[in-house]
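These values consider heavy atoms only, across backbone and side chains, with no hydrogens, waters or symmetry-generated copies. Here is how names work: the chains are called A, B, and so on, in the same order as the sequence lines, proteins then strands, and each is numbered from 1.
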Protein chains: 2
Amino acid sequence: MTKQQLMIRKLLEQSETHPTAEELYLEAKKEMPNISMGTVYRNLGQMADEGTIVRLHFPGQPDHYDKTIRPHDHAICVKCGSIADVELDSLKSMIEKSLNVGILSYELNIQCVCSSCQSKAS
Amino acid sequence: MTKQQLMIRKLLEQSETHPTAEELYLEAKKEMPNISMGTVYRNLGQMADEGTIVRLHFPGQPDHYDKTIRPHDHAICVKCGSIADVELDSLKSMIEKSLNVGILSYELNIQCVCSSCQSKAS
DNA sequence: AACAGAAATAAGAATCATTCTTAAAAGAGG
DNA sequence: CCTCTTTTAAGAATGATTCTTATTTCTGTT
């Protein structure tokens with residue numbers, strides 16, 4: 001647990017969104033001007049492998065990172081690109097029951113129009 | 001609908017798996033030796049945009065393409081990497097009911113151990 | 001405090017999938 | 001055939017991510 005990792009972790013913790021490695025890098029640079037992209041990627045990857053943070057994959061976009069490790073899903077707005085956490089209780093067991101097979105994990109990404117864009121729509 | 005596109009479509013149609021652009025390119029090259037990667041990518045992208053094929057995203061892997069456009073989900077084996085189609089009826093409406101919001105689409109990828117690897121396991 | 005060995009870093013080169021550019025080829029219509 | 005449009009092949013360019021390597025930081029030991 002180096003100070004670089006501590007800082008990256010702190011920045012992710014403070015973030016209200018689901019930042020990308022680059023966004024975290026730019027933030028980190030403000031407090032530690034000569035931190036490198038490689039360090040950010042390496043530490044994010046390591047923490048994701050440990051399971052202390054979560055890496056999210058969205059089509060055609062750089063990966064995003066999530067401080068919330070409790071299993072949950074994500075809804076991405078097709079208009080503004082904002083990503084919202086979504087709680088779908090018992091989805092895992094529902095899937096397992098449907099398939100009749102144990103699953104290790106799953107990733108569910110929902111495409112929708114967020115309420116903010118919905119109200120703006122003409 | 002050019003002959004290149006027709007061929008790419010045919011190869012995907014014939015495939016029993018969920019090939020990547022590169023795999024399709026290598027196949028296509030056998031019958032049309034001077035087809036280019038760019039053409040394969042462009043046509044796959046175009047067909048995916050039209051909705052006549054489906055583009056699939058898996059973490060840390062090149063995109064895969066699916067001839068089956070009927071909405072369905074995928075289970076990827078963490079041991080061998082094989083990708084299986086999975087039918088989870090009414091998942092969309094279930095999600096919509098849970099969230100109380102209309103959704104445009106979703107992508108669900110399940111991580112599991114396929115039955116083949118399961119039986120091989122020590 | 002000084003040193004040796006181990007682990008993590010910064011910097012940037014390398015990689016890989018994908019997209020873009022451009023000049024040439026193929027197609028369509030008159 | 002001749003022009004106009006579309007698509008292609010080839011490869012350069014891009015963008016996210018990983019890898020390499022020399023340097024720095026850390027840890028434990030004397």
Side-chain angles (χ1 to χ4, degrees), chain A residues 1-12 15 17-66 74 76 78 81 83 107 109, chain B residues 1-12 15 17-66 74 76 78 81 83 107 109:
Chain A
M1 177 67 76
T2 64
K3 51 179 179 294
Q4 286 87 348
Q5 180 167 143
L6 211 64
M7 141 127 315
I8 293 166
R9 195 183 287 276
K10 189 197 77 184
L11 290 173
L12 179 58
S15 166
T17 64
H18 300 80
T20 62
E22 195 187 13
E23 286 163 354
L24 288 168
Y25 168 64
L26 292 175
E27 280 303 306
K29 227 163 137 168
K30 290 181 189 166
E31 301 189 39
M32 203 181 274
N34 60 348
I35 195 170
S36 76
M37 270 306 300
T39 298
V40 174
Y41 270 105
R42 181 164 24 76
N43 281 292
L44 287 172
Q46 194 176 304
M47 290 188 280
D49 289 348
E50 283 166 16
T52 53
I53 67 172
V54 177
R55 195 201 307 253
L56 301 177
H57 311 274
F58 296 97
Q61 290 193 52
D63 289 352
H64 293 250
Y65 294 86
D66 193 336
H74 295 91
I76 183 165
V78 297
I83 297 166
E107 184 168 356
N109 295 319
Chain B
M1 174 70 75
T2 64
K3 51 181 180 297
Q4 286 88 348
Q5 180 166 143
L6 211 64
M7 142 127 315
I8 293 165
R9 196 184 285 277
K10 190 196 75 182
L11 289 173
L12 180 56
S15 166
T17 65
H18 301 80
T20 61
E22 194 187 14
E23 286 163 354
L24 288 168
Y25 167 65
L26 293 174
E27 279 304 305
K29 226 164 140 171
K30 291 181 189 167
E31 301 189 40
M32 202 180 274
N34 60 350
I35 196 170
S36 75
M37 271 305 299
T39 299
V40 174
Y41 270 104
R42 180 162 25 74
N43 280 292
L44 286 171
Q46 194 176 304
M47 291 188 281
D49 289 348
E50 283 165 17
T52 54
I53 67 172
V54 176
R55 195 200 305 250
L56 301 176
H57 311 274
F58 296 97
Q61 290 192 50
D63 289 352
H64 293 250
Y65 294 86
D66 193 336
H74 295 91
I76 183 165
V78 297
I83 297 166
E107 185 168 356
N109 294 320

Look at the side-chain N and O atoms of A:Tyr41 and state whether any lies under 4.0 Å from the OP1 or OP2 oxygen of D:dT18.
no
Rounded distance in Å - CE (B:Met37) to P (D:dT7):
19 Å
Nearest-Å distance for atom pair NE2/C1', residues A:His64 and D:dG15
14 Å
How many Å lie between CG on A:Asn34 and P on C:dA8, as a whole number?
18 Å
Between P of C:dA24 and CD1 of B:Ile35, the distance in whole Å:
21 Å
How do B:Thr2 and B:Gly38 order along DNA chain D: which one's closest nucleotide is nearer the 5' end?
B:Thr2
Side-chain donor or acceptor of A:Thr20 paired with backbone N/O of A:Pro62 under 3.5 Å:
no
Residues in ring pair (Phe, Tyr, Trp, His ring centres under 6.0 Å) with B:Phe58, at least two apart?
B:His64
Whole angstrom value for the distance that separates C1' of C:dC16 from OH of B:Tyr25
15 Å
Expressed as a whole number of angstroms, how long is the span from A:Lys29:NZ to C:dA10:C1'?
12 Å
Please classify the nucleic acid contact of A:Glu22 as base, sugar-phosphate, or nothing, using heavy-atom distances under 4.0 Å.
nothing
A:Ile8 CD1 - C:dA8 P separation (whole Å)
13 Å
State whether A:Arg55 and A:Glu107 are salt-bridged, where the test is any N-O pair (Lys NZ or Arg NE/NH1/NH2 against Asp/Glu carboxylate O) under 4.0 Å.
no
Pairs where residues 18-28 of chain A contributes a residue and the test salt bridge (charged side-chain N to carboxylate O under 4.0 Å, His left out) is met, not counting sequence neighbours:
A:Glu27-A:Lys30
Where do B:Gly81 and B:Ile76 come nearest, in terms of heavy atoms and distance?
O-CG1, 3.9 Å
All N/O pairs under 3.5 Å across the protein-nucleotides 25-29 of chain C interface:
unit_1: C:dG27; atom_1: OP1; unit_2: B:Lys3; atom_2: NZ; d: 3.3

Which atom of B:Ile8 lies closest to which atom of B:Leu44, heavy atoms considered
CG2-CD2, 3.7 Å
When the distance from NE2 of A:His57 to P of D:dT17 is rounded to whole Å, what number comes out?
10 Å
Closest approach to the side chain of A:Asp63, judged atom by atom: which nucleotide of C:dA17, D:dT17, C:dA10 is it?
D:dT17
Is the phosphate of D:dT7 approached by B:Gln5 (side-chain N or O, under 4.0 Å from OP1 or OP2)?
no
Keeping A:Asn109 on the side-chain end and A:His57 on the backbone end, is there a donor-acceptor pair under 3.5 Å?
yes
Hey, is the side chain of B:Gln4 poking within less than 4.0 Å of OP1 or OP2 on D:dA9, counting only N and O atoms?
yes
Against the side chain of A:Ser36, the closest entry in C:dA10, D:dA10, C:dA17 is C:dA10
